[in-house]
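First the structure, in the form of structure tokens, and then the observations on it.
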Amino acid sequence: QVQLVESGGGLVQAGGSLRLSCAASGTIFSIGVMHWYRQAPGKQRELVASITSDGSTTYVDPVKGRFTISRDNAKNTVYLQMNSLKPEDTAVYYCYAGVKVTRLSRYDYSYWGQGTQVTVSS
């Protein structure tokens, strides 16, 4: 069984910073693309940033230049450094990843974390 556990959320004033972490544990051979999503109240869950196993990154336009996604493959962990936070960044942030449990298995993209709340006050 594979688990993704996020941490690092909290309450911060506009302009402040937070660093989210998401650690994967369990039976893991390798992890493919790792993503951060967020869901604001009353809105659909949306992709924020992605990172491949070799470190290539993509961001949605609203967070470009403010957020940085990174990963530590040895620790099976992905991070999201969030700077210059705005009230509209308020949401529950989720990590999502594809995991291989054996060398011969395919990447299973069914793993989500439980989410961590980020609240940005104006």
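Atom set for the values below is all heavy atoms of this structure, side chains included, hydrogens, waters and symmetry mates excluded.
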Between Trp112 and Tyr37, is the ring centre distance below 6.0 Å?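 Centroid separation for Trp112 and Tyr37: below 6.0 Å.
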Can you tell me how far apart [atom1] ([X]) and [atom2] ([Y]) are? Round to the nearest 0.5 Å.
X	Y	atom1	atom2	answer
Tyr93	Thr116	OH	OG1	10.5 Å
Asn76	Ile28	CG	CD1	4.5 Å
Gln3	Cys22	CD	SG	11.0 Å
Glu46	Gln39	CD	CD	9.5 Å
Ile69	Met34	CD1	CE	8.0 Å

Testing the basics here: between [X] and [Y], what is the closest heavy-atom pair and its distance to 0.1 Å?
X	Y	result
Leu85	Arg66	CA-NH1, 3.9 Å
Val78	Ser70	CG2-O, 3.2 Å
Tyr94	Glu6	CA-OE2, 3.2 Å
Ala40	Ala91	N-CB, 3.8 Å
Ile31	Ser53	O-CB, 3.9 Å
Val33	Ser50	CG1-CB, 4.2 Å

Evaluate Val101 against Val2 for side chain to side chain contact (heavy atoms under 4.5 Å, CB included), listing each step before the verdict. CA-CA 8 Å; Val101 295; Val2 175; 4.2 Å; yes
Going by heavy atoms in the side chains, are [X] and [Y] under 4.5 Å from each other?
X	Y	value
Leu20	Val118	yes
Val63	Met82	no
Ile51	Trp36	no

I'd like to know if the side chain of Arg71 and the backbone of Thr52 have a donor-acceptor N/O pair within less than 3.5 Å.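 Such a contact is found between Arg71 side chain and Thr52 backbone.
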Backbone N or O of Thr90 within a donor-acceptor pair of the Thr119 side chain at under 3.5 Å?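 Pair absent, no side-chain N/O of Thr119 close to backbone of Thr90.
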Decide whether Ser30 and Tyr107 meet the rule of one side-chain donor and one side-chain acceptor closer than 3.5 Å.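 Side-chain D/A pair, Ser30 to Tyr107: present.
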Taking ring-ring contact (aromatic ring centres under 6.0 Å, His included) as the test, write out the residues that go with Tyr59, two or more places apart.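 With sequence neighbours excluded, Tyr59 shows a ring-ring contact (aromatic ring centres under 6.0 Å, His included) to no residue whatsoever.
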Do you reckon Tyr109 sits in the same ILVMFWY cluster as Leu4, going by side-chain contacts under 4.5 Å, direct or chained?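 Looking at the clustering, Leu4 is in a separate group from Tyr109.
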Identify whether Val92 and Tyr111 are in the same connected component of the hydrophobic contact network (ILVMFWY, side-chain heavy atoms under 4.5 Å).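 Looking at the clustering, Tyr111 is in a separate group from Val92.
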Flag the pair Lys64 and Asp61 as a salt bridge only when some basic side-chain nitrogen lies within less than 4.0 angstrom of an acidic carboxylate oxygen.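 Yes, Lys64 and Asp61 are salt-bridged.
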Tell me, yes or no, whether the heavy-atom count around Gln114 atom CD, taken from other residues, nucleotides or ligands under 6.0 Å, exceeds 12.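 Yes, because the 6.0 Å sphere around CD of Gln114 holds more than 12 heavy atoms from other groups.
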Please collect all side-chain hydrogen bond (donor to acceptor under 3.5 Å, both in side chains) contacts where either partner lies in residues 11-23, sequence neighbours excluded, each pair once.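 Listed once each, the pairs are Ser17-Asn83.
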